[in-house]
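So that we are looking at the same thing, I have put the structure below in structure tokens.
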Amino acid sequence: MKDRYDVIIAGTGTAGLYAALNLDPMLSVLLISKNDLTLSNSALAQGGVAAVINKESDTYKSHIADTLIAGGYKNDLSALEVLVTEGPSDVLRLEELGVNFDMDKEGNLQMTLEGGHSKRRIVHHKDSTGAAIVDGLLLKVKERPNIDIYDHTIMYSLEKDNGGDGFYAGLLRGGEYYRPFAGYVILATGGIGRVYQYTTNSAIATGDGITLAHMLGAPIKNLSYIQFHPTAFAGEKGRERFLISEAVRGEGAYLLNAAGERFVQNYDPRGELAPRDVVSKIILKEAARQGSEEFYLDITYKDSEFLKQRFPMIYERCLEEGVDITKDRIPIYPCQHYLMGGIDVDTKGRTSISGLYAAGECSHTGVHGKNRLASNSLLEALVFSRRAAVDITLNISTNGRPKPSDIPPAPQRTQGQPLPEGIRTKIRAIMQESYFVNPDIEKASKGLREIEKILNDLLSKSYAVNEHFVEARSLATVASIILREVVSNAAS
Ligand SMILES: Cc1cc2nc3c(=O)[nH]c(=O)nc-3n(C[C@H](O)[C@H](O)[C@H](O)COP(=O)(O)OP(=O)(O)OC[C@H]3O[C@@H](n4cnc5c(N)ncnc54)[C@H](O)[C@@H]3O)c2cc1C
């Protein structure tokens with residue numbers, strides 16, 4: 001690893017990879033991932049990317065209106081307009097870069113429907129769109145000689161160069177500590193799902209980027225805007241719950257209660273295709289009414305060959321759990337899925353700290369409002385990571401490359417006592433109790449006090465800086481910000 005780069009990007013999901021490809025190839029770039037390059041929420045995305053590609057059957061106005069309805073009109077309208085009007089060309093660019101989207105018989109991009117969308121506008125690759133995007137982008141990134149790529153490299157600290165413009169990034173790789181300098185940093189570290197006991201998110205989703213930005217003093221916004229997906233597979237015991245994509249309801253699946261009856265219509269006229277937060281809340285109300293958490297998705301009435309073709313991954317994954325979706329109802333229950341809030345950025349991905357950018361799920365652009373419309377997040381990761389990369393390129397071509405100042409970074413302590421067992425488990429239990437679909441204010445207040453104690457302990461004691469410590473510190477930081485927001489929203 002070199003000790004100086006123009007740009008360091010933390011994250012090899014959609015946002016990090018697409019940012020890297022959109023930077024000027026003359027810039028030296030370090031791209032890191034704390035685990036395997038393809039272990040990310042991006043690689044798990046199933047349904048697709050929402051974009052107004054066919055301007056005859058769809059309009060920007062309609063995509064914006066659907067996003068506003070899902071977001072409870074709490075969206076940032078100017079960022080949303082950027083998302084919707086610029087997004088289609090990024091989706092087409094993915095195609096040019098070799099991402100294989102499904103086509104219809106006429107050779108046009110095939111569009112599917114998902115909850116909250118009034119038009120078929122979701123471009124997809126079967127039911128594994130995210131993996132197709134990540135694989136395609138990764139191939140292109142690896143062809144770029146200006147980009148150094150390191151997997152299993154965790155960013156554990158980020159400091160401003162005291163006498164100058166850039167940053168020193170603390171990186172840990174295979175037991176070795178590095179502190180390269182970079183003029184610009186893009187945090188593309190993904191979501192926070194692992195702060196919950198049950199989530200659809202990948203193991204990397206521990207809020208590290210949000211924590212590093214927060215420690216540097218960048219504002220973090222709306223971290224309590226958390227999306228709980230209504231239909232995660234309910235049969236599994238592990239932390240990571242397998243998602244049954246919204247596209248399954250888009251293709252006509254019914255939601256059934258324990259008695260085998262459809263029930264969503266009793267609460268909302270939009271039925272199964274109401275936005276996610278609405279359906280999750282309805283499931284919890286129905287659970288209280290029926291006195292059980294037993295719920296199902298049923299799409300058995302559709303042609304079995306169509307289902308196997310359209311949802312091959314879901315079909316196979318459910319089969320592994322003993323459920324044949326062409327014949328059996330799929331057991332489901334809501335679980336944590338997505339974060340709408342994050343590091344506050346403008347429409348160029350800039351945080352309040354000069355030279356620090358954020359993109360993708362760790363950022364808050366404001367496009368989603370209180371609740372994300374299905375398939376708008378890959379689109380957000382594409383549009384705003386590109387805009388961040390373009391802004392950095394322009395800054396460097398106008399102002400030149402930032403150089404490290406003469407003042408060396410302060411030494412860091414990395415060695416210390418091992419982290420005690422069970423801290424992360426405790427944080428997750430507190431979060432699951434305090435805020436699952438609906439916040440419980442009493443439990444959130446008590447939980448906040450406990451989390452603050454844990455965080456104080458993590459920051460004040462001399463623990464060894466390793467992956468366990470970094471992730472525990474992130475979970476405690478993120479949990480404390482979420483619960484503080486929940487408690488203060490309830491008080492106001
Ligand atoms: C099961 C599932 C299905 C989904 N389906 C869809 C869908 O159909 N359509 C849609 O639009 N959205 C979907 N989403 C949401 C979407 O996938 C994510 O919001 C989006 O992919 C996030 O991309 P990202 O690049 O911001 O983060 P990620 O793809 O999560 O990538 C984060 C990267 O950051 C790295 N990282 C994290 N911390 C550190 C650190 N400290 N140091 C170094 N590297 C670090 C990780 O290793 C990883 O490479 C889905 C999400 C899930 C979980």
Side-chain angles (χ1 to χ4, degrees), residues 8-19 30-51 87 91 112 114 122-125 127-134 137-138 149-158 169-173 186-194 199-212 227 229 231-233 240-247 250 313-314 317 335-340 342-343 358-363 368 372-382 384-385 467 470-471 473-474:
I8 295 180
I9 303 174
T12 57
T14 307
L17 292 169
Y18 200 56
L30 173 64
L31 178 62
I32 58 163
S33 156
K34 72 173 171 179
N35 204 298
D36 295 342
L37 295 177
T38 53
L39 193 84
S40 61
N41 278 0
S42 292
L44 292 176
Q46 299 177 353
V49 195
V91 173
T112 192
E114 291 189 316
I122 321 293
V123 177
H124 54 90
H125 172 91
D127 56 355
S128 50
T129 308
I133 293 175
V134 169
L137 293 180
L138 206 47
I149 310 172
Y150 287 91
D151 62 3
H152 294 272
T153 304
I154 188 165
M155 186 180 282
Y156 64 85
S157 72
L158 189 60
L171 307 180
L172 171 60
R173 175 181 165 76
I186 304 178
L187 296 170
T189 49
I192 53 108
R194 293 301 173 123
T199 175
T200 59
N201 286 195
S202 130
I204 56 87
T206 51
D208 297 359
I210 294 170
T211 301
L212 294 170
Q227 182 169 82
H229 199 291
T231 61
F233 192 88
E240 191 171 319
R241 293 271 158 108
F242 175 64
L243 181 74
I244 309 298
S245 165
E246 189 125 16
M313 203 244 300
I314 294 175
R317 192 66 180 76
C335 93
Q336 193 284 340
H337 182 57
Y338 182 75
L339 172 69
M340 274 72 68
I343 308 161
E361 196 167 336
C362 70
S363 70
H368 305 301
R372 168 176 70 102
L373 183 65
S375 286
N376 267 354
S377 51
L378 288 170
L379 191 71
E380 181 196 34
L382 291 169
F384 293 100
S385 67
E467 290 83 353
V470 174
E471 292 192 346
R473 182 185 64 187
S474 298

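Quick caveat, the model's predicted, so the values are computed rather than measured. By convention here, the first residue in the shown sequence is residue 1. Remember, it's 1-based here, ligands and their atoms both numbered in the order they're listed.
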(message) Could you tell me, atom by atom, which parts of ligand 1 come under 4.0 Å of a heavy atom of Ala188?
(response)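 Here the atoms of ligand 1 in question are 32 (C), 33 (C), 34 (O).
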(message) Using a 4.0 Å heavy-atom cut-off, which part of Gln46 comes near ligand 1: side chain, backbone, both, or neither?
(response)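 Contact part for Gln46 vs ligand 1: backbone (N, CA, C, O).
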(message) Can you tell me which portion of Arg372 lies within the under-4.0 Å heavy-atom range of ligand 1? Options are side chain, backbone, both, or neither.
(response)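 For Arg372, the contact with ligand 1 is made by the side chain alone.
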(request) Could you tell me whether ligand 1 has any atom less than 4.0 Å away from a heavy atom of Ser375? (result)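 Yes, Ser375 has heavy atoms under 4.0 Å from ligand 1.
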(request) Could you tell me if any non-hydrogen atom of Gly209 lies under 4.0 Å from any atom of ligand 1? (result)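 No.
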(request) Look at Asp208 together with Arg473 and state whether they make a salt bridge at an N to O cut-off of under 4.0 Å. (result)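 Arg473 and Asp208: not salt-bridged.
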(message) Using a 4.0 Å cutoff against the non-hydrogen atoms of Gly360, which atoms of ligand 1 qualify?
(response)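 Contacts of ligand 1 toward Gly360, numbered from 1: 26 (O).
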(request) Determine, using heavy atoms of Ile154 and all atoms of ligand 1, whether some pair is separated by less than 4.0 Å. (result)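 Ile154: in contact with ligand 1 (<4.0 Å).
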(message) Measuring from non-hydrogen atoms of Gln336 to any atom of ligand 1, is the shortest distance under 4.0 Å?
(response)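 No, Gln336 has no heavy atom closer than 4.0 Å to ligand 1.
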(request) Among all protein heavy atoms, pick out the one at the shortest distance from atom 12 (N) of ligand 1; state its residue, atom name and that distance to 0.1 Å. (result)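 Protein heavy atom with the smallest distance to atom 12 (N) of ligand 1: Ser377 OG, 2.6 Å.
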(request) Apply salt bridge (Lys or Arg N to Asp or Glu O under 4.0 Å) to Glu471 and list each qualifying residue two or more places apart in sequence or on a separate chain. (result)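 If we apply the salt bridge (Lys or Arg N to Asp or Glu O under 4.0 Å) test to Glu471, skipping adjacent residues, the hits are Lys34, Arg424.
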(message) Can you confirm, on distance only, whether ligand 1 has an N/O atom lying under 3.5 Å from any N/O atom belonging to Lys34?
(response)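 Yes, since at least one N or O of Lys34 sits under 3.5 Å from an N or O of ligand 1.
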(request) State, to 0.1 Å, how close Gln46 and Leu243 come at their nearest heavy-atom pair, and which atoms those are. (result)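 So the two residues come closest at NE2-O, 2.9 Å.
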(message) Return the closest protein heavy atom for atom 49 (O) of ligand 1 as residue, atom name and distance.
(response)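 Going by distance alone, atom 49 (O) of ligand 1 is nearest to Thr12 N, 2.9 Å.
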(message) So for Glu114, does at least one of its heavy atoms come nearer than 4.0 angstrom to any atom of ligand 1?
(response)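 The answer is no, since Glu114 has no heavy atom less than 4.0 Å from ligand 1.
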(request) Taking all heavy atoms of Ala247 and all of Glu114, pick out the closest pair and write down the distance. (result)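 Result for this residue pair: N-OE2, 3.5 Å.
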(message) Taking a cutoff of less than 4.0 Å between a non-hydrogen atom of the residue and any ligand atom, is Thr200 in contact with ligand 1?
(response)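 Thr200 counts as a contact of ligand 1 under the 4.0 Å cut-off.
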(message) Distance under 4.0 Å to a non-hydrogen atom of Met155: what atoms of ligand 1 satisfy this?
(response)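 Going through ligand 1 atom by atom, the ones under 4.0 Å from Met155 are 40 (C), 41 (N), 42 (N), 43 (C).
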(request) Quick one: closest heavy-atom pair of Gly48 and Thr129, and the distance? (result)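 Looking at all heavy atoms of both residues, the shortest contact is CA-OG1, 3.5 Å.
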(request) Indicate the atoms forming the closest heavy-atom contact of Leu137 with Thr14, along with that distance. (result)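 Shortest heavy-atom contact: CD1-O, 4.2 Å.
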(message) Need the ligand 1 atom indices (1-based, order shown) with element for anything under 4.0 Å from a heavy-atom of Leu243.
(response)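 Once the distances to Leu243 are compared, the set is 1 (C), 2 (C), 3 (C).
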(message) Using every non-hydrogen atom in the two residues, find where Leu212 and Tyr156 come nearest and quote the distance to one decimal.
(response)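 For Leu212 and Tyr156, the tightest heavy-atom pair comes out as CD2-O, 3.5 Å.
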(message) With heavy-atom distances below 4.0 Å as the criterion, list the atoms of ligand 1 near Glu361.
(response)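 Listed by number with element: 18 (C), 19 (O), 22 (C), 26 (O).
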(message) Ignoring hydrogens, what is the shortest heavy-atom contact between Ile314 and Asp127? Give both atom names and the distance.
(response)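 Shortest heavy-atom separation between Ile314 and Asp127 comes out as N-OD2, 2.8 Å.
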(message) List ligand 1 atoms under 4.0 Å from Asn41, heavy atoms only on the residue side.
(response)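 Numbered from 1, ligand 1 contributes 17 (O), 21 (O), 28 (P), 29 (O), 30 (O), 53 (C).
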(message) Against ligand 1, does Thr153 come closer than 4.0 Å with any heavy atom?
(response)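 For ligand 1, residue contact (heavy atoms, under 4.0 Å) with Thr153 is present.
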